Amino acid sequence: MASSLTTFTDEAKIALDTLSGRAAGLFAPSLRLGVTGLSRAGKTVFISALVHNLVHGGRLPLFEAQKSGRIARAFLEEQPDDAVPRFQYEDHIAALVDERVWPDSTRAISELRLTIEYESASGWSRMFSAGKLSVDIVDYPGEWLLDLPLLGKSYADFSREGFEMAVLPVRVDLSREWRALSNPVDPNADADEMTARRLAESFAAYLRACKLDERALSTLPPGRFLMPGDLEGSPALTFAPLPNLDGRRARSGSLQAMMERRYEAYKTHVVKPFFREHITRLDRQIVLIDALQALNAGPGAMADLERAVTEILSCFRPGRGNFLTDLFSRRIDRILVAATKADHLHHESHDRLQAIVRRLADRAVARANFTGADVDVVAMAAMRATREGTVKQGRETLPVIIGTPLRGEKINGETFDGKTETAIFPGDLPEKVDALFDVSESTRRQNNDDPAIRFVRFRPPKLERTAEGVTLSLPHIRLDRALQFLIGDHLA
Ligand SMILES: Nc1nc2c(ncn2[C@@H]2O[C@H](COP(=O)(O)OP(=O)(O)OP(=O)(O)O)[C@@H](O)[C@H]2O)c(=O)[nH]1
Ligand SMILES: [Mg+2]
């Protein structure tokens with residue numbers, strides 16, 4: 001009796017606190033937004049553009065709270081986790097806006113808290129006070145995401161899959177050296193540091209080659225091999241798949257035992273803490289996908305991208321049958337799968353881009369057996385680097401995009417200097433989505449050497465300034481739609 005009384009008083013007190021907190025404008029519910037994406041998908045640019053557009057009242061007609069003028073103020077606040085570095089928002093914006101350069105690849109984790117003060121749409125809530133919502137966002141190197149699926153895989157699984165994937169047509173030439181080095185190795189031989197190091201280095205070199213633009217492959221774990229962060233040179237990274245394990249148990253003191261121990265240590269000390277601290281507490285998630293880079297590289301890259309997205313989604317799948325469920329403290333209820341960099345296409349092609357990503361997401365969702373969250377798809381650009389126009393060619397009028405291609409980008413033998421604005425006809429995305437994923441198609445294409453779909457990269461846009469020198473809002477494509485889906489209901 002006594003204890004339930006305490007509980008009751010406690011609860012009443014908490015309720016009272018909450019109410020008075022809200023009345024004093026102090027109560028700010030928080031929402032953790034996961035910005036998920038493989039490396040170079042556009043996470044850092046997305047976060048920077050999102051914050052800038054909210055803080056500076058950008059043009060966001062599809063974001064209802066902003067459109068109806070209910071957002072009083074949005075600002076960066078001190079973040080909740082002291083141990084995590086702050087997201088260098090000001091530096092990123094300065095680079096994008098003043099220097100017109102894109103941010104470097106992210107090498108370590110960082111975090112920010114964006115607080116939005118708004119007026120509730122409902123009269124009842126308005127009576128108490130203005131509303132306040134804090135959105136917490138974490139930025140990290142995309143490569144690290146590839147580690148999540150490893151949590152569910154034994155060293156033997158990791159080794160077997162490593163060798164299976166290495167002989168796929170898109171990888172077989174790149175993995176040749178590593179396979180030649182690994183195949184003669186006897187897993188049962190005595191553990192030897194030099195052998196372990198040679199294998200690990202060769203394996204990492206193969207993964208790096210897969211990631212380069214021409215192949216643009218995505219499924220490349222372990223992630224720290226590509227982006228070691230503070231683990232550079234650490235023994236935790238000195239392991240690699242071994243051949244011919246055939247379910248054999250490792251003899252103590254053998255190379256296999258050593259590799260297995262390090263693989264397990266990598267999972268326990270590197271992957272799990274990252275996952276537990278930053279991924280399991282998410283409420284909402286946006287998955288950014290750079291489909292254009294994979295399209296550029298051909299169907300092998302598209303199939304690989306689909307595999308990566310499927311494996312990652314399986315990690316977020318709630319409920320039984322997911323080895324990670326116990327780690328989750330919250331449940332993600334909305335996921336937005338976003339095709340990024342849509343500004344590389346004329347808007348007439350956006351529907352097709354969206355269709356490609358929808359097919360990728362649908363299959364990934366089905367294969368990952370993913371249920372329990374609303375999944376939506378959008379083609380967007382967090383920072384629009386181009387504008388649209390038309391060019392007359394003979395009797396035809398072609399829809400073009402106009403922007404400044406990055407220095408060194410090439411089209412039809414012409415190399416750009418990074419200064420000149422150019423109109424480009426990006427071509428049409430194919431109507432038939434299936435062919436894009438058909439790997440046999442890629443072999444044909446590589447043999448015939450007929451050109452794949454080609455895109456060039458652009459510099460960040462030149463922004464207009466007012467007479468007072470104030471930069472106008474950052475241009476984007478459907479960032480507002482993404483925002484509405486991700487946080488709109490929390491500002492109702
Ligand atoms: N045109 C255009 N390019 C973009 C956009 N967003 C990203 N990019 C390009 O994509 C590159 C990668 O963007 P980032 O935001 O750094 O990608 P990331 O996901 O943070 O990558 P990692 O930090 O390596 O994981 C940039 O350098 C730009 O070239 C966009 O909205 N429009
Ligand atoms: Mg980044």
Side-chain angles (χ1 to χ4, degrees), residues 34-53 58 85 87-89 91-93 95-97 99-112 137-147 208 211-213 216 218 220 223-224 226-229 274 278 286-294 296 305 308-309 312 338-347 350 353 378-388 401-409 416 418 422 424 426 455-463 474-482:
V35 178
T36 302
L38 298 168
S39 72
R40 315 273 74 208
K43 297 180 292 300
T44 305
V45 172
F46 173 83
I47 299 169
S48 307
L50 178 153
V51 172
H52 192 280
N53 272 285
F87 180 79
Q88 294 301 330
Y89 165 73
D91 294 354
H92 293 316
I93 288 296
L96 286 166
V97 173
E99 294 167 51
R100 290 180 65 201
V101 296
W102 300 104
D104 288 336
S105 278
T106 306
R107 306 193 151 266
I109 195 154
S110 65
E111 183 183 47
L112 67 83
I137 308 179
V138 165
D139 189 28
Y140 55 87
E143 286 88 352
W144 295 5
L145 205 60
L146 298 168
D147 286 334
R208 277 195 295 274
K211 207 189 143 196
L212 295 180
D213 281 358
S218 309
L220 305 166
R224 262 50 168 211
L226 294 170
M227 189 54 83
F274 169 66
H278 303 294
I286 178 166
V287 181
L288 301 174
I289 295 185
D290 180 1
L292 297 177
Q293 204 198 11
N296 245 355
L305 177 62
V309 175
I312 289 162
T340 55
K341 313 177 194 179
D343 55 330
H344 286 81
L345 297 168
H346 196 269
H347 74 264
H350 288 175
L353 179 61
V378 64
M380 65 172 291
M383 189 151 181
R384 179 179 197 158
T386 64
R387 42 185 223 280
E388 297 189 342
I401 52 173
I402 303 160
T404 314
L406 286 179
R407 195 173 145 176
E409 289 289 295
F416 294 100
T422 313
I424 289 171
F455 302 98
V456 293
R457 279 181 260 247
F458 295 93
R459 286 183 70 181
K462 197 169 180 177
L463 296 176
L474 300 188
H476 63 83
I477 298 172
R478 289 191 274 278
L479 177 65
D480 47 351
R481 178 150 122 58

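Just follow the structure's listing: the first ligand is 1, and inside any ligand the first atom is 1. Throughout, residue positions are numbered sequentially from 1 according to the sequence presented. Remember, predicted model here, so these are calculated numbers, not experimental data.
Using a 4.0 Å cut-off between heavy atoms, Ser105 contacts ligand 1 through both its backbone and its side chain.
Taking the six-membered ring for Trp and thresholds of 30 and 60 degrees, His350 and His347 have ring planes more than 60 degrees apart, a perpendicular arrangement.
Under a 4.0 Å criterion applied to the non-hydrogen atoms of Lys43, ligand 1 contributes the atoms 15 (O), 17 (O), 18 (P), 19 (O), 20 (O), 21 (O), 22 (P), 25 (O). Less than 4.0 angstrom separates some heavy atom of Ala385 from each of these atoms of ligand 1: 1 (N). Taking a cut-off of under 4.0 Å to the non-hydrogen atoms of Pro141, the atoms of ligand 1 that pass are 25 (O). Applying the 4.0 Å criterion to heavy atoms of His344 picks out, from ligand 1, the atoms 1 (N), 2 (C), 3 (N). Within ligand 1, the atoms closer than 4.0 Å to a non-hydrogen atom of Ala382 are 31 (O), numbered from 1 in the order shown. The distance from ligand 1 to the heavy atoms of Ala381 drops below 4.0 Å at these ligand atoms: 31 (O).
Of the listed residues (Met380, Lys341, His476), the one carrying the non-hydrogen atom nearest atom 4 (C) of ligand 1 is Lys341.
When only non-hydrogen protein atoms are considered, atom 30 (C) of ligand 1 lies nearest to Met383 O, 3.2 Å. Closest to atom 15 (O) of ligand 1 among all protein heavy atoms lies Val45 N, 2.8 Å. Protein heavy atom nearest atom 1 (N) of ligand 1, with residue, atom name and distance: Asp343 OD2, 2.8 Å.
The Mg ion (ligand 2) has an N, O or S atom of Thr106 inside 2.8 Å of it. Metal site remark for the Mg ion (ligand 2): Tyr140 contributes no N, O or S atom at a distance under 2.8 Å.
An N or O contact shorter than 3.5 Å links Thr44 to ligand 1 by distance.
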